[in-house]
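Just so we're on the same page: letters track the sequence lines, and every chain starts at 1.
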Protein chains: 2
Amino acid sequence: MLTDRQLLILQVIVNEFIHSAQPVGSRSLSKKEEISFSSATIRNEMSDLEELGFIEKTHTSSGRIPSDKGYRYYVDHLLSPQKLNKQDVHRVKSIYAEQIYELEKIVQNSAKILSELTNYTAIALGPAVRENKLKKIQIIPLNKQAAVAIIVTDSGYVQNRMFQLPETADASDLEKLANILNDRLIGVSIESLNDRIYKEVAVLLRQHIKNYDFMLHSIADTLLIPTHEKLFFGGKANMLNQPEFHDFEKIRSLMTMIEQEDSIYELVRENRSGINIKIGRENNNSAMDNCSLITATYSIGTEQLGSISILGPTRMEYSRVISLLDYISNDLTTVLTKLYQSE
Amino acid sequence: MLTDRQLLILQVIVNEFIHSAQPVGSRSLSKKEEISFSSATIRNEMSDLEELGFIEKTHTSSGRIPSDKGYRYYVDHLLSPQKLNKQDVHRVKSIYAEQIYELEKIVQNSAKILSELTNYTAIALGPAVRENKLKKIQIIPLNKQAAVAIIVTDSGYVQNRMFQLPETADASDLEKLANILNDRLIGVSIESLNDRIYKEVAVLLRQHIKNYDFMLHSIADTLLIPTHEKLFFGGKANMLNQPEFHDFEKIRSLMTMIEQEDSIYELVRENRSGINIKIGRENNNSAMDNCSLITATYSIGTEQLGSISILGPTRMEYSRVISLLDYISNDLTTVLTKLYQSE
DNA sequence: TGTTAGCACTCTTGAATAGCGAGTGCTAAT
DNA sequence: ATTAGCACTCGCTATTCAAGAGTGCTAACA
C-alpha cells in the first residue's frame, strides 16, 4: 500500500498537472507549501510511484505526469469534494430561467450551460422513451397522402411523426385507425408498439379499413423507435482550447469521433445511476486515450431517463466537474419530476 | 480587359491550386499541356495578373495563388459546369431512400449526404414557417399542469409545443381554447400568431375561461416563433482535413465560429433563389477569410423555404460543389413540392 | 535507517547557421 | 513579342550549440 507521503505527493502532482498541463518535477514540488521534505526525497518517492504505475515520464529526464492509473487512484481516494460557488449555482439555475417545458430543450440547455461552465465538451443523452408507456395517440390528417401521428407517453414526452396514407384512405378511415390504436395500444411500452401493431392491431385494421395493408406498414414503421436516443452537445469546439490537443492528429481523431453519433452513444450509454467516471483508455476508444468522460444520470421519479456527461482531457478538473454534474443531474431530476411525473 | 492568354493562365492557376493547395510557379505551369509558351512569358503574364489583383504571392519568390478577386473572376467567367457522375446522382437519390416524410429530416439528411460527397462542411437552413399559414391547431392535455399544442401549417409542417396550464383549468377549458384558436387563427401566418392572440383571442378567452390571463400568456408564448430557423450540419470535422487548416489558429477560429449558431445564421440567411457564392472576405467574417460559402435555396412550389450550403476553403472545388448543390436543391424542391404542397 | 546535498548525465527547447530547391524579375538575344 | 539565361530571394530542413529543467545515484548526515 502507499504511504501517506506517497499519497500526498501523488495528490500534489495530479493537482499541479491539472492546472499547469506541464510535467511536474521534484524541485518545483519541494517548493510547495504542503511539502516539507527535500527534492531528493521526492525523487525517491516519485521513482517508487512510477514503478507502481501511478505516474510516468514523458522522456528520460522529464518531470512526471499522472498515468490513467494515477488519475483513477486520485479520483477514487484523493479527491476533495468541491462546493459550487454562487455564480455557478446561479448559472445552473438559469437552465430553467426561460419558461421551457419541453423535456428535450431542458436537457439540451443543460448541456450548453454545462459546457460553458467547464470549458469542456458536454454530451447529453436525451430521454429514453423506450420503456415509457403510451398514454395517448392522436392522428391528424395533413393532405391526401400524409397524416401525422402524435404520441404522448406516460412521462409526458410528446412526439409527432408523419406517415404516408394509401390513396384510398379517407377521413373516416383515419378516425377508425385512431380509435383502434387508442383502444389497443394505450399502456403498451413504446418499444413494443411495433410488435403489438402487427400482432393485435393488424387483425382489427383488416376488418375495418380497406387497403389496410399499406396503412398497417405505414403506421408500424412510424411507431418504430429510433435505434438510439437523441444526443445533444455543448462546447464541441472547447477541446481546441486544451493544450494537449494542440497536436493535430489528436484533435482530428477526437473531432471525427465526436461527429459519429454511434461511437459517442457507445461511450455514453451508461446505466448505473449516479456519477460514472471513465479515464483515458478505460473508454476503450483510441480517440479517447487522452480524455476522460464523467457521466451523471437524470430521472423522472425513480425512472432513469438519460444522462449528461462531460468529455474533457484526462487532465480535467475532476473535482469541479463532478460537483457540477452531481448538482445539475439532481436538479434536473427534481425539476423534471415535478413537471412531468404523471399523477 | 484581360487577354485570352491571361485568362488561360488564371484558369490553370486556379485549377491547379484547387487540387494541389500549393502555390503554382511559372515552370510547372509551362509544362502543362494546354500551355504552349515558355515559363518566362508566363512570368510576365503572372506579373500583370498580380498587378491587377487576381493572384498573389505568399512571399517574394514563391509561386502564385489566386486572390479572392481571382476566385471571383474564375467563378463568374471561367467555370466549366461539371456533370454529376452516376455514383453522385445515386448518392443524392439515397437522401430519400428511407421512407422519410419529415421535412426536417429530409433537409438534415441532405446536409449529411452533401458533406460526405464533397468532404466539406454542409449547412442546411431549416424550413421557414414564418410566412406559412396556420392550417390547424390542436390541444392535447398532458396532466394538470401542462398541455401540448400541435400546430400544422399549410405547407405541411407539424410542430408540437408544450405549455403550462393554470391550476384551475379543466378539460372543458382546453376544449374551449382549442375551439377559439381554431376559429380565429386558421389562415393566419405563423409569425403573426402571437400578435393576433393578444388582439383578438384575448377578448374571447376572457368571456369563456376563468383565469384566462395565465392561459393567454402561456399559449401566446408557446406560439411565438423562434428567432431563427433550425440549422442542420454535416461534416463539421471535414475542414480538419483541408491542408489550409493545419494552422491551429485558423481551425480554432473557424470551429468556434461554427459553434455559434447566430453567426452561421447570419452567413446563411441568403434570400435570392438559385446559387449564391461568397468568397473569402466577401463573407464579412474574419473566421471565414479562408473560406467560401456556396448556398442554394429550396422551396415548396414557389414558396422559398430554406437553403442548403457548402462551407469549404476558398480553394474549393467550385465546379463540383455548384453542380451538386444545384442538383440537390432542385431535387429537394421537387420532392418537397410533391410531398407537401397543399392541394 | 531515513533524509538530504551534490553531481554527472539526459533530454527538450530555442536560436543561429548553412545548403538546397523552387521561384522570381530583369536583361539581352532571338 | 518571345524566350533563354542568370542573379537573387525566400522557405524549408538539417545541424549545431547552449541553456534549463529534471533525473538517478552516491555519499554524507542526523
Side-chain angles (χ1 to χ4, degrees), chain A residues 1-10 12-17 19-32 34-67 70 243-244 246-248, chain B residues 1-10 12-14 16-17 19-32 34-67 70 243-244 246-248 250:
Chain A
M1 212 47 274
L2 296 180
T3 67
D4 283 357
R5 197 163 67 186
Q6 285 172 325
L7 291 184
L8 175 62
I9 290 178
L10 178 57
V12 178
I13 289 178
V14 176
N15 279 333
E16 192 57 25
F17 186 67
H19 292 107
S20 70
Q22 298 295 329
V24 0
S26 58
R27 214 178 114 70
S28 68
L29 264 195
S30 72
K31 286 186 200 144
K32 291 248 131 196
E34 54 270 60
I35 286 186
S36 53
F37 27 91
S38 76
S39 65
T41 309
I42 296 173
R43 278 201 288 283
N44 291 331
E45 297 286 28
M46 290 209 294
S47 181
D48 292 349
L49 282 172
E50 183 172 7
E51 207 162 323
L52 292 166
F54 292 105
I55 55 180
E56 39 192 46
K57 291 191 259 194
T58 59
H59 58 88
T60 22
S61 70
S62 78
R64 305 303 212 291
I65 62 173
S67 64
E244 34 271 88
H246 277 48
D247 176 325
F248 198 79
Chain B
M1 212 46 273
L2 296 179
T3 66
D4 283 356
R5 196 162 68 186
Q6 285 173 325
L7 291 184
L8 175 62
I9 291 177
L10 178 57
V12 178
I13 290 177
V14 176
E16 192 59 23
F17 186 68
H19 291 108
S20 71
Q22 299 295 330
V24 1
S26 56
R27 212 177 116 71
S28 68
L29 265 193
S30 71
K31 285 186 201 143
K32 291 248 130 196
E34 55 270 58
I35 285 186
S36 55
F37 26 90
S38 76
S39 67
T41 309
I42 296 173
R43 279 201 288 283
N44 291 330
E45 296 287 27
M46 290 209 293
S47 180
D48 292 349
L49 281 172
E50 182 172 9
E51 207 162 325
L52 292 166
F54 291 105
I55 54 180
E56 37 191 47
K57 292 191 257 193
T58 59
H59 58 86
T60 22
S61 70
S62 77
R64 305 303 211 290
I65 62 174
S67 65
E244 35 270 87
H246 278 49
D247 176 325
F248 198 79
K250 279 189 196 158

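- In this view, B:Leu52 and B:Leu2, B:Phe54 satisfy the side chain to side chain contact (heavy atoms under 4.5 Å, CB included) rule, not counting sequence neighbours.
- A:Ile65 has its CD1 atom 15 Å from the C1' atom of C:dC11, to the nearest Å.
- Evaluation of the ring pair (Phe, Tyr, Trp, His ring centres under 6.0 Å) rule for B:Phe248 yields A:His246 as partners, not counting sequence neighbours.
- Contact check of residues 52-63 of chain B against DNA chain D (heavy atom, cut-off under 4.0 Å) returns B:His59, B:Thr60, B:Ser61.
- With sequence neighbours excluded, the residues that form a side chain to side chain contact (heavy atoms under 4.5 Å, CB included) with B:Asp247 are B:Glu249, B:Lys250.
- At its two ends the helix from C:dT1-D:dA30 to C:dT30-D:dA1 runs along axes set 20° apart, each axis drawn from five pairs and the angle rounded to 10°.
- An OP1 or OP2 oxygen of D:dA21 is reached within less than 4.0 angstrom by no side-chain nitrogen or oxygen of A:Ser28.
- Using a 4.0 Å cutoff on non-hydrogen atoms, the parts of residues 35-50 of chain B near DNA chain D are B:Phe37, B:Ser38, B:Ala40, B:Thr41, B:Arg43, B:Asn44, ordered by number.
- For CD of B:Glu34, the number of neighbouring non-hydrogen atoms (other residues, nucleotides, ligands) closer than 6.0 Å is greater than 12.
- Atom CD1 of B:Ile9 is separated from atom C1' of D:dT2 by 13 Å (rounded to the nearest Å).
- We find that NZ of A:Lys31 is positioned 12 Å from C1' of D:dG22, with the value rounded to whole Å.
- Between B:Arg5 and D:dT2 there is a side-chain polar atom (N or O) within less than 4.0 angstrom of OP1 or OP2.
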